[in-house]
Amino acid sequence: MLETSRVPDSELYPVPADFAARAHMDRQAYEAARVAARETPQAFWSEQAQRLDWIKAPTKIKDVSFKKEDFRIRWFEDGVLNVATNCIDRHLPHRQDETAIIWEGDDPADSQHITYGRLHDEVCRMANVLKAHGARKGDRITIYMPMIPEAAYAMLACARIGAVHSVVFGGFSPDSLCGRIEDCGSTLVITADEGVRGGKIVPLKANVDAALEKVKVDTVLVIRRTGADVPMIEGRDVDYAVEAAKAATECPPEPMNAEDPLFILYTSGSTGKPKGVLHTTGGYLFWAAWTHELTFDYRPGEVFWCTADVGWVTGHSYLVYGPLANAATTLMFEGVPNYPDASRFWQVVDKHKVEAFYTAPTALRALMREGDAPVKATSRKSLRVLGTVGEPINPEAWRWYHEVVGDGRCPVVDTWWQTETGGHLITPLPGATDLKPGSATLPLPGVELQIVDAEGQELVGAVSGNLCITDSWPGQMRTVYGDDQRFFDTYFSTYPGRYFTGDGCRRDQDGYYWITGRVDDVINVSGHRMGTAEIESALVLHDDVAEAAVVGYPHDIKGQGIYAYVTLNKGVEATEDLRKALGAHVRREIGPIATPDVIQWAPGLPKTRSGKIMRRILRKIAENEIGALGDISTLADPSVVEDLVQNRAG
Ligand code: 6R9
């Protein structure tokens, strides 16, 4: 969690005049839209929804209640549409030969332009292959892919036939993949032989094979990326290239109800297994497209680059669905920011004349450390708007992004949102909103925020508290896959009648919002959400571990780092080798992003007399705020704290 209160609220970057002049939404339009969305929601959203191509236009626009008695979230519920035709077919008359996807490979010598015409053919081909293997409307299909165009084809092919995709980030372990396949009951997996990132190979097919030792599927479609000789299991594994060569390039789109599911995306929460966040066809696509256009003030023909992996929600909404629904040219990058060198992002910007660039604060902080030279070595004059997402951006990184990367010309849009929200909720608009470094600024039209105290009392004016949302927006998640009760309990029971975001937030005297980070047991590592409970359960699976408690602590590059307190079983020696082995164990169980940065041996954990671990104390020790431990007299054994403080790691 980064400190934002040190920033003067008065540091203001006014809307540049040329941005206000060309904007899809200037300040006046923004104010008007906020009022219209609040006062005449049916009319407002009905009109906005016309940006999509409906097979049957919706007449029922919004039907929502966050109350327990009659809880429901429905948008455009009698509308019928298909997501793939909205992202492809409807653009063909004008944009058949325009580039839909620019693919930039890990190797700077590798790139490709995929036109809308070709995108149509490739998506139809894959849709036909899926159908040939029995996939039907409503089936769940797991996608475990590197950042290659086929990842987007796979998502759109599912959407075309009405199958529900679940994309699993390629950095997740076989065990994590297995759990996600099992939870949604996929019978088909789409993967690649191997991925390539930063010059290194990612053994995707081998991971799928390992995952499938514990869960059975009927079909694994294997796309060739490296051409490596991967084992193929007869009767289960299918070489995609062979089937695609025979498949037709036309596939009729399945008419879908607006409330039919489009995808499931697993995300970590404060308790239990990752939740399958479910998004639907009409509301989600609308929100992804509308926010993509407004937030980046986007127009077709401009090159848009979102650096997120398709395995995260940002990759879904702003690499694939939002941009393609807007007939954009979207850039997909296979590599990493510092390969072959720290200038790569900006070289790619120059190479493809990128106009809008969207990345995470953690990447900016890592690049900032390399100094200005790798940036200054490039032109970047094509850039118009810069965006960030995933975690609070510290004002220092914000200013560097604005001044060095954007040469002081480009508005920085700090977009706050969540997997659950489908798209941006709090964000500046380049032609409407004066900027403050470190603030996500103001809510989009239709987004009704409330800051509450621990008891749920609304706090008014310039205050800090917990961030809630009092009304629905079209892109809101509809349920946790297979568990409506968990959906309600997680988001709507803490503060009845409101959606609780899990984030802490401050509102300043200008009404600007400053997100301070998670207030639950979720930590945000390099913009990726990790549940502390998940890492703890991975640790205690190890034979030598008796107990573990995990907390976040401030980390210069990652935003938050993972700090694990581990109590070993009796008789086990606390060695450096064991520390390394535990790191490797977590990596194997969950994936590299969950590897603890710090492991401290804890002979005991601070617990209340009822046995509850006092995380507040563990957090303070990890943050090295030893003077602020607070009252420890309620602990069952206050002496454990002394040991932890004395042997604080790092
Ligand atoms: C899109 C995405 C959601 C959590 C969210 C918050 C943090 C995201 C942020 C931000 C401050 C921003 N977060 N954007 N915090 N400023 N601009 O990241 O989704 O992976 O579900 O994470 O990320 O804590 O609650 P997801």
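Order of appearance sets the numbers: ligands from 1, and atoms from 1 within every ligand. Numbers here are sequence positions counted from 1. Side-chain atoms are counted along with the backbone in the values below, which use heavy atoms only and exclude waters and symmetry mates. Being a predicted model, the structure only gives us computed values, none of them experimental.
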R506 to W514, cation-pi by 6.0 Å centre distance and 45° axis angle: yes
Heavy-atom nearest neighbour in the protein, as seen from atom 12 (C) of ligand 1, with distance rounded to 0.1 Å: E391 O, 3.5 Å
Ligand 1 N/O within reach of G517 N/O, cut-off under 3.5 Å: no
W398: partners by ring-ring contact (aromatic ring centres under 6.0 Å, His included), with sequence neighbours left out: Y13, H402
Between D260 and T281: side-chain donor-acceptor atoms closer than 3.5 Å: no
Pairs involving residues 495-504, ordered by first then second residue, that meet salt bridge (charged side-chain N to carboxylate O under 4.0 Å, His left out) (sequence neighbours left out): D503-R518
Residue-ligand contact W312/ligand 1, heavy atom below 4.0 Å: no
Protein heavy-atom partner closest to atom 6 (C) of ligand 1 - residue, atom, separation in Å: D503 OD2, 3.0 Å
N or O contact, T388 vs ligand 1, cut-off under 3.5 Å: no
Geometric class of the Y499/W473 ring pair [parallel <30°, tilted 30-60°, perpendicular >60°]: perpendicular
N/O separation below 3.5 Å, R518 to ligand 1: yes
Distance from atom 18 (O) of ligand 1 to nearest protein heavy atom, with residue and atom: G390 CA, 3.5 Å
Nearest neighbour in protein (non-hydrogen) for atom 22 (O) of ligand 1: R529 CD, 3.1 Å
P392, portion touching ligand 1 at heavy-atom distance under 4.0 Å: both
Region of T415 that comes within reach of ligand 1 [heavy atoms, distance under 4.0 Å]: backbone
Contact check, G502 vs ligand 1, heavy-atom distance below 4.0 Å: no
For I469 against L425, the heavy-atom pair lying closest together: CD1-CD1, 3.4 Å
Identity and separation of the nearest protein heavy atom to atom 2 (C) of ligand 1: W417 O, 3.8 Å
Contact partition for V522 relative to ligand 1, non-hydrogen atoms under 4.0 Å: neither
Residue pair Y266 / R180, side-chain donor-acceptor N/O under 3.5 Å: no
Shortest protein contact, atom 21 (O) of ligand 1 (heavy atom only): T419 OG1, 2.5 Å
